[in-house]
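The next block holds one structure in the form of structure tokens; read it before the comments.
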There are 2 protein chains.
Amino acid sequence: MATPARRPLADDIAAVLKAEMRDGVHPPGGRLPSEADLCRRFGVSRATVRSAIKELDVLGLVRTQHGVGTFVRRRPAVRDGLERMGSISESIRASGKVPGHEYARRTLRPVLPDEAERMGVPADTEALELRRRITADGEVVAYSYDLIPRGLLPSDYTLDEPNGSVFDYFERRMGVRATLGVARVHAVDSAHIAWGPDAGKHRLFILLDQLHYDTAHRLLAYSRTYFVEGAYEFSLVRTGD
Amino acid sequence: MATPARRPLADDIAAVLKAEMRDGVHPPGGRLPSEADLCRRFGVSRATVRSAIKELDVLGLVRTQHGVGTFVRRRPAVRDGLERMGSISESIRASGKVPGHEYARRTLRPVLPDEAERMGVPADTEALELRRRITADGEVVAYSYDLIPRGLLPSDYTLDEPNGSVFDYFERRMGVRATLGVARVHAVDSAHIAWGPDAGKHRLFILLDQLHYDTAHRLLAYSRTYFVEGAYEFSLVRTGD
DNA sequence: CAGTGGTCTAGACCACGAA
DNA sequence: TCGTGGTCTAGACCACTGT
């Protein structure tokens with residue numbers, strides 16, 4: 001009875017439903033087929049269908065209403081749990097969109113005094129500065145300014161890397177994994193952050209001013225990421241006793 | 001076979017495990033009993049135990065490792081950030097300033113349709129709306145708009161309460177404690193949020209759009225708190241694997 | 001190999017909302 | 001009343017990890 005479980009069946013089903021929502025098969029505000037219908041269509045048990053729907057719910061793509069049905073939400077935004085460390089690309093992919101990275105600058109330069117203080121490194125430390133735009137389905141969702149201490153870079157580093165996700169680059173090229181981030185959150189209203197075709201459109205941002213560490217508490221990067229307000233939805237679970 | 005399903009069994013089990021982690025029965029870094037053990041102990045099926053564990057995983061309290069076990073996460077030493085639930089008054093006091101509350105409005109009204117959807121309550125639910133400013137040493141740090149379902153209020157409620165911290169009010173007058181918050185974070189640029197003498201000065205805010213729950217997952221309040229950018233420092237520790 | 005978590009099934013009962 | 005989603009069970013096979 002049980003099927004091979006390499007890739008969760010529920011994820012496949014969720015992906016199909018995501019695609020259908022994006023393509024207008026299930027328009028915003030519309031009702032998804034009932035769970036029983038989906039069981040028959042995909043030939044799986046109800047538990048599996050429910051797992052898929054729960055995934056869409058957690059991602060904020062649908063809303064379930066007891067005794068009524070499951071409905072497509074009107075506001076399909078990219079969402080991320082702020083308290084969870086993870087690559088921006090990942091969270092874009094998780095919401096059913098295709099992430100993109102456009103690099104505008106890769107420069108080696110000494111860090112500025114206030115950067116050195118925030119990073120806790122000597123004032124003349126050299127670092128790689130990255131300036132890039134992050135997109136979801138071609139739409140700009142964030143502008144990011146990153147600093148990576150030169151000492152961490154591969155010895156054969158050349159200025160044409162990285163090209164995509166910086167998180168992926170850390171893992172693939174440098175063999176380190178960012179597992180801890182210490183961030184400050186700000187609201188920013190400025191015409192001097194955005195660049196490119198949308199420069200005039202984007203003025204309001206959520207700034208994540210963040211230090212990244214690996215498991216050994218070694219500083220990997222200092223990043224200032226300006227998320228375009230409205231394009232990226234931040235959620236946050238706060239706990240007490 | 002099936003049990004009455006008023007309050008999810010999995011939540012109860014998760015609560016027990018949480019309490020045991022807090023009390024040191026399962027110390028940080030330690031291993032939780034296996035799923036099979038927990039099934040026997042609580043007398044439930046494995047699906048239910050797994051649901052409870054998934055809840056702890058989403059909250060970042062445990063980490064599962066295939067073929068090995070489920071482990072209690074080591075909590076970061078810094079716990080003074082956005083991810084921690086607490087009253088605004090408390091954090092103001094913690095920074096050595098004196099918190100103040102100025103109430104501008106207390107009204108009973110039906111919730112609006114989009115509020116009802118966010119809160120997950122019927123469309124015509126009555127709620128107490130609070131509108132207030134929160135100050136630190138007399139300086140305004142936040143404007144807050146809160147909704148409390150009428151059903152939660154004391155039977156002898158009159159419209160001259162609360163007067164200070166809403167968190168304190170919950171505990172003292174209603175005997176409930178907000179221990180879980182689900183928030184969305186936004187940047188807001190608007191001249192229509194602030195009121196009073198500083199209305200013209202404050203345009204840029206960090207909005208915490210937040211649902212508050214007690215330990216039984218009962219909705220206590222829906223609050224939209226606009227923090228004056230620069231007046232309140234938000235930090236945040238983000239963790240991964 | 002044994003024990004762990006990861007996934008899936010088939011069927012059941014309950015609670016809710018609308019007709 | 002009927003169809004919906006919400007919860008739970010008992011059992012199964014798979015994949016991973018350490019011995």
Take atom [atom1] of [X] and atom [atom2] of [N], then tell me their distance rounded to the nearest Å.
X	N	atom1	atom2	answer
A/R31	C/dG17	CZ	P	15 Å
B/R50	D/dA10	CZ	P	17 Å
A/Q65	C/dA15	CD	P	19 Å
B/K54	C/dT7	NZ	P	8 Å
A/L56	D/dG5	CG	C1'	15 Å
B/R46	D/dA12	CZ	C1'	10 Å
A/D11	C/dG6	CG	C1'	12 Å
B/R40	D/dA10	CZ	P	14 Å

Measure across B/L112 and B/E115 and return the closest heavy-atom pair with its distance rounded to 0.1 Å.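 Here B/L112 and B/E115 meet closest at N-OE1, 2.8 Å.
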Heavy atoms only: give me the nearest B/Y145-B/I193 pair and the separation to one decimal.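 B/Y145 and B/I193 have their closest heavy atoms at OH-O, 2.9 Å.
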Return the nearest nucleotide to the side chain of [X]; candidates are [options].
X	options	value
B/L9	C/dA10, D/dC8, D/dA15	D/dC8
B/H66	C/dT9, C/dG5, D/dT4	C/dG5
B/A47	D/dT9, C/dT7, D/dC8	D/dT9
B/V68	D/dC8, C/dG5, D/dT17	D/dT17

Assign each of A/G43 and B/G69 to its nearest nucleotide of DNA chain C by heavy atoms, then name whichever residue's nucleotide is nearer the 5' end.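 Whichever sits nearer the 5' end wins; that is B/G69.
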A/A19: partners by side chain to side chain contact (heavy atoms under 4.5 Å, CB included), with sequence neighbours left out: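 Here the qualifying residues are A/R22.
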Within the pair [X] and [N], is there a side-chain N or O less than 4.0 Å away from OP1 or OP2?
X	N	result
B/T48	D/dT7	no
A/T64	D/dG6	yes
A/S51	C/dT7	no

Among B/R46, B/R40, B/K54, which residue meets the salt bridge (charged side-chain N to carboxylate O under 4.0 Å, His left out) test with B/E35?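 Exactly one pass, corresponding to B/R46.
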B/Y103 ring centre to B/R106 NZ or CZ under 6.0 Å, with the angle to the axis within 45°?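 Yes, a cation-pi geometry holds between B/R106 and B/Y103.
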